Engineer: 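For reference, the structure I am asking about is given below.
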Amino acid sequence: MSRCSAPGKMILLGEHAVVFGKPAVALAINLRISSAVSKSTQYSVNGRAMQKRHHAYISAALDQAWGGPPINVDTISEIPSGSGLGSSAAVTVSCVAAMMASKGKFNHEAVAKKSFAVELKVQGSASPTDTSTSTHGEGVIVSPEKLDGFLWRIEHGDNAWNMHHCDVPKLRFVVGYTGIHAATGPLVAGVRSLVESNKDARRSIDRIGEIVMDGVEALSKQDKKRLGQLMNEDHELLNGLGVGHSALEELVVAARPLSFGAKLTGAGGGGSMIALTDDVEKVSEAIRSAGGEPIVVSVGAEGVRRDD
Ligand code: MEV
């Protein structure tokens, strides 16, 4: 048997634009998914027969990283599914890693590349941001150019994403979970069709790319005020791309007076928002009063690891 665990993530800046090859910065969070693979008489998940549609990520992980006799995959998750906090990336990365470890082939770059192929197959369109962040942990800067701290490069179609290590300062974030499950694939497809037909949407994608690089600088200087402003601007641009939601908006509006900045994180359409603040208790209360579930997260968590 092999067991591996991988962290969830929050995208600080750059979601959606990164699918078009623009930069993004994502931080690993202290919520994990743990997956174990063991011999079995049939392909199964948590002891029940595997269903390709219901267990889409695990089934695609088997195609990418296994190719051996039947196994059972046991998963334990601390990350709400469809919350924008990287549950599908963490389940994919932990499964791929456990399968590779049981064949004696565990290595971070290979896990990241195979896990991206899994997300791409299931979602139809994706960037490697979530899976590479869950694999490397700490923080990841995604960029079309090679920068300091280079980890690995992933290419697909016309896009190439260079992954880099990002030092993560001690910052406090409150996640506000709307409780609304939002599937990433249709949201990414919606942005793609808007960008293909609308000049303003294309401009927004370019502007998000600029915001990310300013944000990386603000993060390295621990300039929370500037980072908060950039988070706010990014949020408005994402709303303009049609991935906002009224429930998310209520949480963002509630958190902002007590925060440096607040924005949706991940695919949007529900899911979660994040607030950067020095007062996590007050922001948590404000999010709860506005109908959300506050989760105080610490960032910079360890990437995928063997737990067996
Ligand atoms: C989802 O967490 C992030 C998106 O940018 C999609 C992706 O990068 O694959 C919306």
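The basis for the numbers below is simple: all heavy atoms, side chains too, and nothing from hydrogens, waters or symmetry mates. Being a predicted model, the structure only gives us computed values, none of them experimental. All ligand and atom numbering here is 1-based and tracks the order in the structure.
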Engineer: So which protein residues pack against ligand 1 under 4.0 Å, heavy atoms counted?
Structural biologist: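 Residues K9, I11, E15, H16, V18, V19, A126, S127, D130, V188, G266, A267 each place a heavy atom under 4.0 Å from ligand 1, listed by chain and number.
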Engineer: Name every donor-acceptor pair, under 3.5 Å, that has one atom in a side chain of residues 278-288 and the other anywhere in the protein, sequence neighbours excluded.
Structural biologist:
unit_1, atom_1, unit_2, atom_2, d
D278, OD1, K224, NZ, 2.9
D279, OD1, K282, N, 3.3
S284, OG, V280, O, 2.7

Engineer: Checking side-chain polar atoms at under 3.5 Å, does N232 have a donor or acceptor matched by the opposite partner on D234?
Structural biologist: no
Engineer: List the atom pairs, donor and acceptor, that lie under 3.5 Å between side-chain atoms in residues 3-13 and the rest of the protein, sequence neighbours left out.
Structural biologist:
unit_1, atom_1, unit_2, atom_2, d
R3, NH1, S34, OG, 2.6
S5, OG, R32, NE, 3.0
S5, OG, R32, NH2, 3.3
S5, OG, D307, OD2, 2.7
K9, NZ, G84, O, 3.2
K9, NZ, D130, OD2, 3.2

Engineer: Ion pair present between K121 and E119, side-chain N to carboxylate O less than 4.0 angstrom?
Structural biologist: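 Here K121 does not pair with E119 in a salt bridge, since their nearest N and O are not under 4.0 Å apart.
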Engineer: State whether F150 and K146 meet the cation-pi test: NZ (Lys) or CZ (Arg) under 6.0 Å from the six-membered ring centroid, and within 45° of the perpendicular axis.
Structural biologist: yes
Engineer: For residues 293-300, which side-chain N or O atoms pair as donor and acceptor with protein atoms under 3.5 Å away, sequence neighbours left out?
Structural biologist:
unit_1, atom_1, unit_2, atom_2, d
S298, OG, N30, ND2, 3.4

